[in-house]
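In what follows, chains carry the letters A, B, and so on, assigned in the order in which the sequence lines appear, proteins first and then strands, with residues in each chain numbered from 1.
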Amino acid sequence: MPEPESGKKSYEPKTIEQKWYDFWLRKGLFRPEVNPSGKPYCIVIPPPNVTGQLHMGHALNATLQDVLVRWKRMHGYRALWIPGTDHAGIATQNVVEREIAKENKDRHQVGRDEFINRVWKWKGEYGGRIIHQLKKMGASCDWSRERFTLDDGLSLAVRTVFVRLYEEGLIYRSTRLINWCPRCLTALSDLEVEHEEEEGLLTYIRYPLEGGKGHLVVATTRPETMLGDTGVAVNPGDERYREFIGRMIDLPLTCRQIPIVGDTAVEMEFGTGAVKVTPAHDFNDEEIAKRQNPALPSMTVIGADGKMTAQAGARYEGLDRYECRRLVVEDLKKQGLIEKEEKYAHSIGHCYRCKTVIEPLATPQWYVKIGPMAHEAVKAVREGRVRIIPEGWENSYFAWMENIKDWCISRQIWWGHRIPVWYCECGQTIVSMETPEKCPRCGGAELKQDPDVLDTWFSSALWPFSTLGWPQMPEDMRAFYPTDALVTAFDILFFWVARMIMMGLKFMEDVPFRNVYIHALVRDEEGQKMSKSKGNVIDPLLIVDKYGADAFRFTLAAFAAQGRDIKFSEERVKGYRHFINKLWNAAKFISMNTEDRAVAAGKDDVTDLPSLWILSRLANTADEVNSALEEYRFNDAANRVYQFLWREFCDWYIELAKTGMENEEQAPGIRWSLLCTLNGVLRLLHPFMPFVTEEIWQTMPPAFRDAESIMIAAYPAGLPQDRAAEDRMETVIEAISGVRNIRGELNVQPGVKLKVLVNAGSEDAARTLQGNLPYIKRLAGAESILVGKGLSAPQKAAVNVMSRLEVYVPVEGLVDVKAELERLGKEIRKTDDELSFCLRKLMDQDFVSRAPQQVVAKERAKCQELEGKKANIEDSINRLKSIFQEAENG
RNA sequence: GGGCGGAUAGCUCAAUCGGGAGAGCGCAGCCCUUACAAGGCUGAGGUCACAGGUUCGAUCCCUGUUCCGCCUACCA
């Protein structure tokens, strides 16, 4: 076997990664067609924003999906990972608006058509950025199936869904309060509003009763809205105010009079128990107003731009809402109408995009009547047709779905799917897939299309089937829907996952995916969320550049424990780069020691214990990795291979093999085992670290390569295990560890060869040890070994009592007897503690009679073992003490 | 206000069934043994947040408390 990359001392990812990625692309290995007869397995990528740059979240997300897809592909599945991007309406529009602003223009000056052109142009230039970055991560997406939420096929899907929902009465238009962003100048859905606790002021304002007889005091956090008050509400059960209901208030700073009304929603304990009612600017107040008979009127005093309207009065018109607040309070103070102001922490809604404080505003918008679809979506999860992993998230899902409100889907922006609705001068509304030529009612041709576009999430909700070709029914659709797994972070569980389930059930009559795996958030070292404003963002591409994609991916996977966020630090990646280096060097060693000689050998040539053992351990590892991945326990899978490669394969097997290969007879079997195990571990690791595994694998002897790429080589599973060999090997390992322990503890120099005696606990153990003396000799650093059952310890020896055997090392002249006595003292204290704990348990009648038989028996055996161990150590201590005394006397 | 999650070695985190807790990193000692010093061998290190309860037995199950995250909500 030629050495990988001509035997460089360490792995250098940079040159290698591009080479293999190109190779995979050239060979079309990312396409499901490489396994034409396999069972379909499909994942659709959560489409990143087309404006986006790869961040840690994407990196984790992509890594986990790639692990799954590569793993399934190697298992022979017709695996398909569909990539794509999201047109990200508001975000993308903002980017291009900023660009235009540099030319001192706004989008209205540019005009709608030209503006859209500009956005497409921008998309063409920069939109592929994140796709390119995903490739750097090693993502094995089928790029030939890449989609974009605004491409023709997906746009058709969007129109189809809109029209059908409209026809079924599940989409409607209504004018009511919505969340309005005065900066983006668009409506937002409830989900797009981020609530944040802020320190504010609670202002107590005196509202004079009509006719100048006294006043009511109301408390508010938004004094400026008083200009739009159309009532004051008190709880009808409130003794203090009951008599006022029905009377009028002289609303200060205006010349209006407003009524005092009763509403049970008013909390008597809060503030003064009287609340001003501003139906046009507060969701609660809107409700209160509607409940009155006749309803309280609505008066909009703040406009779409966040500035006061003419209705606010000449003095305030045109002022920004916050300037107005100051002025209103100032004016009220002058009139002595401010009773007090107190600090008050409350939560305020912000635009998720630009963080501007949301203004509730009454505007006509389109809504999806979500109740019926939500009901079905809840059922699908309850019945297990969609599994959410980890399960904990199901509760959040249910809670949200069961209190869900209708979904506002129209946005007052230009970049997105234009709402397929036209209005005729005659008042007719036309909802249609295609642009209508004339009004079906009056025949008029003066039709105006609704200027708004749809919420980006409306198109994302169709992603699992629109990407597969719906509303057509191509082969992909039949093969891959429902998809198998959806991998995402919890923050879009409602935004996206829930809506996909609803839309999938509605239009495909089946769930969009069977499993939803919710992964962690990647935080910084201190556990803080990464954000630009905090300046703690780590660029994944820099990490890839520095340590390679493999080390980075492995780190992410190894820390992706369910239900816990990842605190990311570069140190960890460094650690896993060492791991790759270990793999690299193991491969180098194997290559140096096998050359072409191994090809002739096969499994039948394997006779030595270490080889039987490592092959069995590989089988065991493969099983554990497979079952961990089956359950999305990525960290367990990664850690198990890590353990196997480093601890079992490198630390033990390779060291043993060095000795084993000195024996000409068993050398071929060992060479074969080295290659076979390396082959297995490369395959096991490939989904986690695709590049380095391919690089090494390609240098293996052809007999070990049954495919043109490791990507499509069979994933190890169901290999035979040899429990007897594992058990015997344990005995050998115990003997070696027993000696090493003495060496280490007593500080015996590595160069010093020891005379070792091993007292085996059984004939079996004795035979095993006898049969593997060369290994023990080399790894324990012994010049001679005497093995037997019932051997007794020489006078002057260090003793190590293990569970299957005892190790004696004559120490005369080698070590400080005093140090050995100390070591044994420590040992006996530990044994004694354990023993007394064990005995106490067995003397407890309740334990013996009530605990399961097995447990009691186990405890008895343990007790016996400990007693034996204690006796042996005591013997050694006595012996050494006598030596010690001799020495003192002599 | 409601809900969820977390608290385990110096740090970051694991632990299927309730039967005296593991790893990585770090630390200490010894070693450049020709795959690898990005390494090897050995070792130290724990009141499983706190208080009760259930149980023969609790890191694990139940109740409460404290602290820390997060989600959600119309007390102005």
Side-chain angles (χ1 to χ4, degrees), chain A residues 3 7 9-11 195 202-203 218-222 225 233 265-278 282-288 344 346-347 360 390 392-393 395-396 399-400 403 490-491 493-494 521 523 525 527-529 558-559 561 563-569 571-572 574-593 631 633 635-636 639 642-643 646-647 650-651 654-655 658 737 740-751 778-781 833-834 837-838 841 844-852 854-856 858-859:
Chain A
E3 287 175 25
K9 198 166 161 110
S10 60
Y11 175 59
H195 293 273
L202 191 55
T203 308
V218 298
T220 179
T221 54
R222 303 198 56 193
T225 62
V266 178
E267 294 282 336
M268 293 183 263
E269 289 74 30
F270 188 87
T272 59
V275 56
K276 59 194 260 332
V277 181
T278 323
D282 185 286
F283 292 102
N284 280 323
D285 294 0
E286 186 189 36
E287 294 299 316
I288 293 174
Y344 179 65
H346 63 308
S347 86
W393 293 108
N395 279 334
S396 314
W400 186 68
N403 296 304
F490 72 86
D491 52 353
L493 183 60
F494 308 139
L521 235 53
R523 300 172 174 280
E525 244 169 307
Q528 301 281 315
K529 215 166 168 169
F559 282 92
R564 198 191 279 256
D565 287 346
I566 297 174
K567 289 187 196 167
F568 186 86
S569 95
E571 282 305 302
R572 311 237 167 113
K574 222 183 260 177
Y576 286 109
R577 185 180 57 173
H578 296 175
F579 174 63
I580 291 175
N581 189 48
K582 192 75 182 173
L583 171 65
W584 185 258
N585 281 292
K588 200 169 88 184
F589 171 81
I590 292 167
S591 126
M592 280 163 39
N593 281 278
E631 294 160 49
R633 288 183 286 111
N635 58 325
D636 286 346
N639 288 322
Y642 181 97
Q643 193 71 20
W646 202 315
R647 303 272 88 97
C650 292
D651 288 352
I654 289 185
E655 293 309 316
K658 288 176 184 172
S737 299
R740 281 177 169 177
N741 172 270
I742 290 173
R743 295 193 84 109
E745 288 281 279
L746 299 184
N747 255 330
V748 180
Q749 295 297 303
R778 166 101 166 242
L779 269 64
D833 282 353
E834 278 178 57
F837 178 80
C838 203
K841 236 172 169 178
D844 183 347
Q845 269 313 304
D846 287 325
F847 172 74
V848 177
S849 58
R850 296 205 201 189
Q854 283 173 317
V855 175
V856 178
K858 206 170 114 193
E859 214 62 27

Respond yes when some side-chain nitrogen or oxygen of [X] is under 4.0 Å from OP1 or OP2 of [N], and no when none is.
X        : N     : result
A:His578 : B:G39 : yes
A:Lys567 : B:C13 : yes
A:Tyr11  : B:C36 : no
A:Asn741 : B:G43 : yes
A:Arg647 : B:G24 : yes
A:Lys658 : B:A35 : yes
A:Gln749 : B:C31 : yes
A:Trp646 : B:G40 : yes

Item to complete: Look at the rings of A:Trp646 and A:Phe579 and say which category their plane angle falls in: under 30° parallel, 30 to 60° tilted, over 60° perpendicular.
Response: parallel
Worksheet item: A:Trp400 vs A:Phe494 aromatic rings, parallel, tilted or perpendicular, using cut-offs 30° and 60°?
Response: parallel
Practice prompt. Counting heavy atoms from C-beta on, name the nucleotide in B:C36, B:A38, B:U12 closest to the side chain of A:Lys588.
Written response: B:C36
Discussion item. Taking the minimum atom-to-atom distance to the side chain of A:Phe559, which one of B:A38, B:A76, B:U12 wins?
Written reply: B:U12
Discussion item. So for A:Glu745 and B:A44, does any side-chain atom that can act as donor or acceptor lie under 3.5 Å from a complementary atom in the base?
Written reply: no
For [N], which nucleotide in any strand shown is its Watson-Crick or wobble partner with both distances under 3.5 Å?
N     : result
B:G69 : B:C4
B:G18 : none
B:G26 : none
B:G39 : B:C31
B:U63 : B:A51

For [X], which contact category applies under a 4.0 Å heavy-atom criterion: base, sugar-phosphate, or nothing?
X        : value
A:Val266 : base
A:Asn403 : nothing
A:Arg222 : nothing

Discussion item. What is the distance, to the nearest angstrom, from the NZ atom on A:Lys841 to the P atom on B:G18?
Written reply: 15 Å
Worksheet item: Under 3.5 Å, is there a donor-acceptor pair linking the side chains of A:Lys567 and A:Ser569?
Response: no
